[in-house]
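Lettering follows sequence order; numbering is per chain, from 1.
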Amino acid sequence: MVESKQQWKAWLYLAPAIVLLLVFTVWPIINTVAMAFMEDYSGLAKIGGETAFGFGVGNFVKVAENAEFQQALTNTILLCLITVPVSTILALLIAVALNAIKPLQKVLQTIFFLPYVTNSIAIGMVFAAMFNVIGSVGTRRPLISSYGIVNDIIRFFGGNWVNWINSGSDYWANMFVLIVYIVWNALPFKILILLGGLTSINKQYYEAAKVDSTPRWRVLTKITVPLLSPMLAYVVITGFIGGFKEYTSIVGIFGESMGPVHDAHRLNTMVGLIYDSLASNNQGRASAAALILFGIILVVTLINLWVSKKRVHY
Amino acid sequence: MSQNTMQVMHARDMQKTSGKQKVTKFLSQAGVYLFLLIMAAIVLFPFYWMIISSLKSLAEYRLSPPTFWPAQVLISNYADAFTTASLGVLFKNTMIVGIVSTLLSLVITIFTAFAFARLEFKGKELLFAALLATMMIPGELFTITNFATVTNLGWRNTYTVLIVPFLVSVFYIYLLRQNFLQIPNELYLAAKVDGTSDLKYLWKVMVPLALPTLISITILKMMGAWNSYIWPRLVANDEAHRLITNGLRNAFTDTTGDVNYPVQMAAVALVSAPLFLVFVFLRKYIMSGVSRSGIKG
Amino acid sequence: MKIVLQNLTKIFPSRNKKSNEEVVAVNNFNFEIPDGKLIGLLGPSGCGKSTTLYMISGLQKPSSGKIFFGDDDVTELSTENRGIGLVFQNYALYPHLTVKQNIMFPLQNLKGKDKLDKDAMLKRTEEAARLVQIDQLLDRKPSELSGGQQQRVAIARALVKMPRVLLLDEPLSNLDARLRLQTREEIRRIQKETGITTVFVTHDQEEAMSISDMIVVMKTGIVQQIGKPQDVYDDPANLFVAKFLGTPPINVFNGHVKGGTLYIGSDAVMDIQTVPDQEVMVGIRPEGFVLSENGPLKCKPVNVEVMGRDVSIVSTHEASANPFVRSIINADNKVDVSSDFVRYDIKPHKIFIFNKETEERIYFEVK
């Protein structure tokens with residue numbers, strides 16, 4: 001490093017970033033924390049928000065007691081707990097399989113990455129089309145003109161069609177569709193990271209295992225997974241963080257009503273709730289919900305780090 | 001003699017097992033391919049369904065059992081989609097926001113990363129640690145206050161509001177700083193000896209050497225503009241400034257029930273196409289950028 | 001252009017945050033480098049030789065003291081304005097530029113009256129390339145060149161702007177042995193041809209001795225001795241310099257002076273009347289031994305290594321500070337390894353004695 005007395009020069013280079021960060025990152029942190037504790041407050045006095053307020057944990061209480069919040073929290077946690085393990089295991093299997101082949105490897109790798117370069121709203125609409133049933137669904141005697149391709153496939157194999165996302169559909173049918181879509185969306189990143197990790201594992205471990213004639217599943221569980229554990233920990237942590245912020249996948253499939261026609265908002269998530277509070281000009285409650293979300297993400301990340309510290313081999 | 005027989009037997013045994021091994025190996029390899037091909041088919045199916053549906057007539061789409069290739073290819077769906085969603089305006093808005101915000105963001109990121117990688121100033125380590133710490137915080141937490149800030153600034157329904165608040169990405173600064181640090185310090189010293197100013201060294205040596213990272217950042221930033229939904233919906237959801245994703249969602253509010261899916265799928269295909277084109281030509285940069293980032297857009 | 005270093009001192013703050021101990025990298029360096037000479041800065045790693053070079057370049061600022069180029073005080077001048085050429089240990093070529101663009105790079109930075117047009121730049125670039133004999137490689141990228149070729153490009157880049165001073169930081173350490181020999185002669189040739197005052201840093205004493213007009217031996221920031229290579233070798237100022245120069249290294253013994261006689265162990269090797277009685281360290285160059293039937297120094301032979309023209313006798317001695325005593329003698333001498341002793345006479349100008357505590361040279365007269 002060259003010794004320079006011109007410190008101001010460095011600050012000149014930093015100035016644009018620092019100004020923007022102060023306004024759009026640092027100030028929001030302070031303000032959001034403050035607003036969360038300001039009761040009956042709206043930051044938008046200009047457009048008719050309340051300006052009188054008191055201090056307290058009222059926002060947190062209101063948020064926590066709110067049935068919609070409880071529903072959103074349940075939805076978010078259920079989606080996280082199901083999609084993260086499912087997508088991680090599937091991604092692991094695909095990555096290991098990809099790592100074991102030579103011909104077609106590049107082509108397949110590209111195919112598995114494709115869902116990443118999509119617009120989650122747009123492709124959500126495709127998933128909706130695939131699960132949608134056309135006809136008078138949800139009535140006593142449904143009159144169906146088209147079951148949708150997924151139901152057609154089920155019927156082809158002799159199963160009964162399911163009302164996935166239409167009016168009168170079951171909560172768990174909705175959840176199933178969401179899980180399929182979210183897993184489909186989450187696979188590419190996980191495969192990419194895990195395959196990257198696999199290719200960097202020293203081939204000698206596998207040769208040593210071959211010399212000891214170790215069976216395949218044992219190689220997978222006793223060699224590959226432990227050696228891959230840092231990457232696995234990474235995809236699980238980022239998976240949970242992403243999962244707690246799930247929102248656009250649901251908008252893609254169900255639209256902004258966040259649920260089937262007969263029961264809108266029943267599939268709302270934490271992030272959706274924050275924006276609803278914001279849209280209804282309730283900054284305090286939005287702030288409290290955002291802080292709760294931050295707290296949950298922080299706790300989950302710390303737990304993950306703690307577990308992986310005990311489990312990650314290195 | 002006896003030793004000889006043993007050797008022969010041993011050789012025959014080996015042959016037998018290696019033959020058996022070959023069969024097992026072939027079977028397991030075939031199993032691996034079968035698994036991968038089935039998974040690939042599942043991954044690809046939505047894309048296939050989007051494309052064939054976008055080419056069908058509404059009547060054909062409603063057929064049960066469905067057709068797996070349109071009996072009558074209807075390109076006109078695409079024209080309908082283009083006008084229904086006024087995709088032209090949306091494309092234009094998104095490109096303006098994407099290009100301007102990418103360019104500005106690159107300049108800011110380069111300057112900031114350079115200062116952190118190569119210049120000496122008091123409190124450098126502390127400031128950098130503080131920047132990294134902000135990455136932990138979910139963006140929603142910022143959005144709430146930023147929504148108030150831009151409203152008070154009178155920026156609602158402008159291009160500014162879509163560009164300025166997201167110009168600084170701590171992650172891109174981090175990524176580029178790491179790349180800059182890999183460039184040996186001797187090059188900087190050599191440039192000093194050669195009489196080069198800091199600024200000239202940055203543009204003539206560091207930027208060309210960090211080009212792959214800069215390309216990755218550019219693509220991710222453009223994809224971000226293309227896919228952004230929440231912030232634009234909050235602050236600039238008027239006709240004049242609406243971005244592509246919001247436009248798509250607004251034009252086709254119904255996802256379930258009796259929807260004109262062929263036109264809707266044509267619109268979805270049109271919105272997805274640029275992303276695929278970018279992916280086809282710049283796959284390397286996207287995949288390397290993503291593997292280091294773990295963020296979408 | 002002569003270079004004058006005046007009380008040059010560099011103090012680094014301690015790396016360890018807990019202690020406030022400062023590191024004196026260069027301590028009060030005074031030297032006038034004559035115009036047009038090649039100077040080797042020599043010493044073990046951490047001796048302050050690179051810091052000195054970087055201070056001359058302006059990349060580091062001295063804590064105190066002054067630097068002059070000719071009569072100009074350049075102490076406060078920044079690197080860009082000093083008009084120096086510097087070749088780095090790992091060459092520091094710009095990897096994305098071709099050889100030609102690399103060499104031309106400094107010329108493109110010239111400003112004001114020094115500014116060159118495109119043709120002049122190209123001409124100068126080609127001249128520099130020819131000087132270091134890489135004119136056929138101009139369109140390659142650095143990654144396509146061998147280490148030796150990269151080194152030449154780095155030298156060409158340093159020379160192209162016709163610097164007042166050329167500085168080389170360990171220029172040969174990244175090359176293999178054969179190339180090192182070849183390149184150091186090349187550096188000598190280029191320096192002679194251009195007549196630029198050149199300072200180069202190395203930890204390899206053989207390298208420094210072979211091409212320098214003068215060498216500066218440094219240790220822990222302090223200059224130990226300055227002089228022509230042969231003079232420093234023949235007349236070391238202290239035990240460190242004596243040990244640092246020469247391959248194989250000098251043999252060191254514990255000895256004492258008593259009644260005007262120098263003893264190594266119990267062997268009375270020499271009469272030195274002028275030195276008072278004391279414990280001393282004795283250094284004998286390997287070539288300072290002469291086989292002699294009645295020689296005063298008795299060593300137990302271990303092994304004889306044949307080196308062609310010479311042989312090297314490896315032996316032990318009770319008072320030796322090292323495990324073995326190594327002498328180099330003419331191969332005509334026959335040595336019997338199985339015998340109990342070899343006896344040596346010592347050439348008086350190849351033996352040095354040093355104060356036991358300060359390790360400073362004690363000069364004596366041979367009777």
Can you tell which part of [X] gets under 4.5 Å to a heavy atom of chain B, answering side chain, backbone, both or neither?
X         : result
Ile94(A)  : both
Ile18(A)  : side chain
Ile101(A) : both
Ile111(A) : both

Proximity breakdown for [X] and chain A, heavy-atom pairs closer than 4.5 Å:
X         : result
Met39(B)  : both
Ile137(B) : both
Val107(B) : neither
Leu131(B) : side chain
Ile230(B) : side chain
Val170(B) : side chain
Leu234(B) : side chain
Phe35(B)  : side chain

For [Y], is there any backbone N or O sitting under 3.5 Å from a side-chain donor or acceptor partner on [X]?
X         : Y         : result
Ser272(B) : Thr118(A) : no
Gln29(B)  : Ala100(A) : yes
Arg283(B) : Thr110(A) : no

Could you check, using the six-membered ring where one of them is a Trp, whether [X] and [Y] have ring centers closer than 6.0 angstrom?
X         : Y         : result
Phe279(B) : Phe113(A) : yes
Phe114(B) : Tyr13(A)  : yes
Phe47(B)  : Trp184(A) : yes

Tell me, yes or no, whether the heavy-atom count around Phe156(A) atom CZ, taken from other residues, nucleotides or ligands under 6.0 Å, exceeds 12.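 Open.
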Neighbour count >12 (heavy atoms, 6.0 Å) for atom CZ, Phe276(B): yes
Would you mind reporting whether [Y] and [X] have side-chain heavy atoms less than 4.5 Å apart?
X         : Y         : value
Gln283(A) : Phe147(B) : yes
Val117(A) : Trp226(B) : no
Glu140(B) : Met270(A) : no
Trp49(B)  : Ile149(A) : yes

Answer with yes or no whether the side chains of Thr134(B) and Thr25(A) bring together a donor and an acceptor at under 3.5 Å. no
Heavy-atom pairs under 4.5 Å with chain B - which of Asp152(A), Leu12(A), Leu291(A) has more of them than the others? Asp152(A)
